[in-house]
Amino acid sequence: MKRYISRITNWPSPSASRGFNFTWVDKRYRNFGSKTAEDLINGEEVNDKEKGNQVSDMLIDSFGRKHTYLRISLTERCNLRCQYCMPAEGVELTPSPQLLTHREIIRLANLFVASGVEKIRLTGGEPTVRKDIRDICLDLSSLKGLKTLAITTNGITLARKLPLLKQCGVTNLNISLDTLVPSKFEFMTRRKGHHKVIESVNSAIDLGYNPVKVNCVVMRGFNDDEMCDFVELTREKPINVRFIEFMPFDGNVWNVKKLVPYVEMLDTVMIKFPALKRLHDHPTETAKNFRIDGHAGTVSFVTSMTEHFCAGCNRLRLLADGNLKVCLFGPSEVSLRDPLRSGAGDNELREIIRAAVKRKKAAHAGMFDIAKTANRPMIHIGG
């Protein structure tokens with residue numbers, strides 16, 4: 001195990017020595033789709049702009065929760081086949097003409113940001129496989145009022161794309177990595193590429209991302225014995241390791257016996273790291289966050305199954321096919337694509353969004369009920 005940990009802890013030299021040539025893009029770029037990211041040179045950083053919108057009633061549900069965080073799935077396609085995300089035979093993908101276009105994504109995102117959304121996270125599928133991701137990031141980061149543009153990625157192609165993505169306004173990163181052992185990675189993802197994910201973590205740190213969030217879905221009998229090895233990664237570098245409870249979705253063969261609950265994960269870590277201390281979490285935080293004295297990074301636990309955080313939920317999801325989903329575990333969806341393509345104006349779209357948000361329930365069902373409820377595979381919803 002130590003030789004795998006060393007691939008991350010024996011960090012390469014800073015990115016400047018690799019010959020990266022940074023060319024900052026122009027924040028004044030506003031004509032969506034009229035230029036490519038490479039066309040914009042000798043400008044300023046895109047995230048240096050006015051911010052701070054008021055949250056409109058459209059984004060406030062019947063329980064008073066303000067939804068200022070929008071997750072946008074850019075694609076249903078992925079270059080891995082993770083067992084907790086999809087069945088071995090794969091899933092039927094939505095035909096390309098039925099997916100949101102670049103311009104449609106920007107129009108809807110602008111509507112949300114103008115109404116008070118401050119954070120957008122791009123998901124998939126695997127968002128980096130979308131060919132126009134850099135231009136999408138550039139346009140999104142130019143939206144007045146947006147404070148954070150994040151990406152959740154499996155890291156397979158991230159290392160070579162990240163320098164330009166950063167220039168295009170990507171401020172935060174979550175990289176999925178469920179094991180430090182290459183053979184286990186290949187078993188879980190049904191693909192090779194463990195070294196590419198490690199390289200992406202390294203590159204993100206070299207480029208100054210702090211923290212680099214590493215998402216690890218913990219499954220009993222597969223990687224629960226690696227938890228302390230993951231925590232060790234936080235000793236020297238600004239990595240936030242996020243241990244996630246195994247969640248049920250269509251096609252991932254969820255079994256409660258595979259679930260390692262939060263209290264058990266916490267006990268496992270504290271046995272080896274008794275200096276683990278709880279941090280103060282924001283009311284809308286999805287994770288329980290901890291720090292170990294002397295460590296550069298942090299440790300978090302996402303406890304969706306055993307200790308849900310619905311009371312502070314501020315998240316909405318826009319799926320790749322244009323459906324709006326107000327709860328990750330709820331089957332209810334409403335199309336924004338169809339009225340958009342039928343010529344609906346902004347006010348009509350706002351009313352559709354407002355109605356969906358008002359219908360959001362106080363909390364999602366328990367894990368056993370979720371497991372029995374029809375929902376989409378995770379690759380359709382967006383991680």
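Bear in mind the structure is a predicted one, so any value in this text is a computation, not a measurement.
The pair Asp57-Arg354 counts as a salt bridge, with a side-chain nitrogen and a carboxylate oxygen less than 4.0 angstrom apart. Between Arg134 and Asp132 there is no salt bridge, since no side-chain N of the basic residue sits under 4.0 Å from a carboxylate O of the acidic one. Using a 4.0 Å cut-off between a side-chain N of Lys or Arg and a carboxylate O of Asp or Glu, Glu104 and Arg107 do not qualify as a salt bridge. For Asp321 and Arg337, the salt-bridge test fails: no basic side-chain N is under 4.0 Å from an acidic carboxylate O. Checked for salt-bridge contact, Asp139 and Arg103 miss the test: no charged N lies under 4.0 Å from a carboxylate O.
Under the 3.5 Å distance criterion, the side-chain polar atoms of Glu76 are left unmatched by any main-chain donor or acceptor of Ala320.
Tyr209 carries Lys166 over the face of its six-membered ring, with the cationic atom under 6.0 Å from the centre and within 45° of the normal. The cationic atom of Lys258 (NZ for Lys, CZ for Arg) does not lie both less than 6.0 Å from the six-membered ring centre of Phe222 and within 45° of the ring axis. Phe301 does not carry Lys288 over the face of its six-membered ring by the limits of under 6.0 Å from the centre and within 45° of the normal.
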Query - Verdict with supporting geometry, Phe112 and Ile120, side-chain contact (heavy atoms from CB on, under 4.5 Å) - result: CA-CA 10 Å; Phe112 279 98; Ile120 289 177; over 6 Å; no
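Side-chain contact check for Glu126 and Thr75: no donor-acceptor pair (N or O, by modelled atom type) lies under 3.5 Å. For the 3.5 Å distance criterion, the side chains of Asn223 and Thr179 fail to qualify, holding no donor opposite an acceptor. A donor-acceptor contact under 3.5 angstrom links the side chains of Ser300 and Asn240, judged on distance only. The closest side-chain donor-acceptor pair between Thr148 and Glu118, if any, does not fall under 3.5 angstrom. For the residue pair Arg121 / Asn172, no side-chain donor-acceptor distance below 3.5 Å is found, with atom types taken as modelled. Glu245 and Ser304 are not linked by any side-chain donor-acceptor pair at a separation below 3.5 angstrom, with hydrogens and angles left out of the test.
Residues Phe290 and Phe273 place their aromatic rings such that the two centres sit no closer than 6.0 Å.
A 6.0 Å sphere centred on NZ of Lys66 holds no more than 12 heavy atoms belonging to other residues, nucleotides or ligands. No more than 12 heavy atoms of other residues, nucleotides or ligands sit less than 6.0 Å from atom NZ of Lys277.
Using bins of under 30°, 30° to 60° and over 60° for the plane-to-plane angle, the ring pair Phe185/His194 lands in the perpendicular bin.
For the atom pair Ile271 CD1 and Met227 CE, the distance stands at 10.5 Å (nearest 0.5 Å). Residue Met188 holds its CE atom at 8.5 Å from CZ of Arg190, rounded to the nearest 0.5 Å.
Applying salt bridge (Lys or Arg N to Asp or Glu O under 4.0 Å) to Lys184 and the options Asp225, Asp224, Asp178 leaves one that passes, Asp225.
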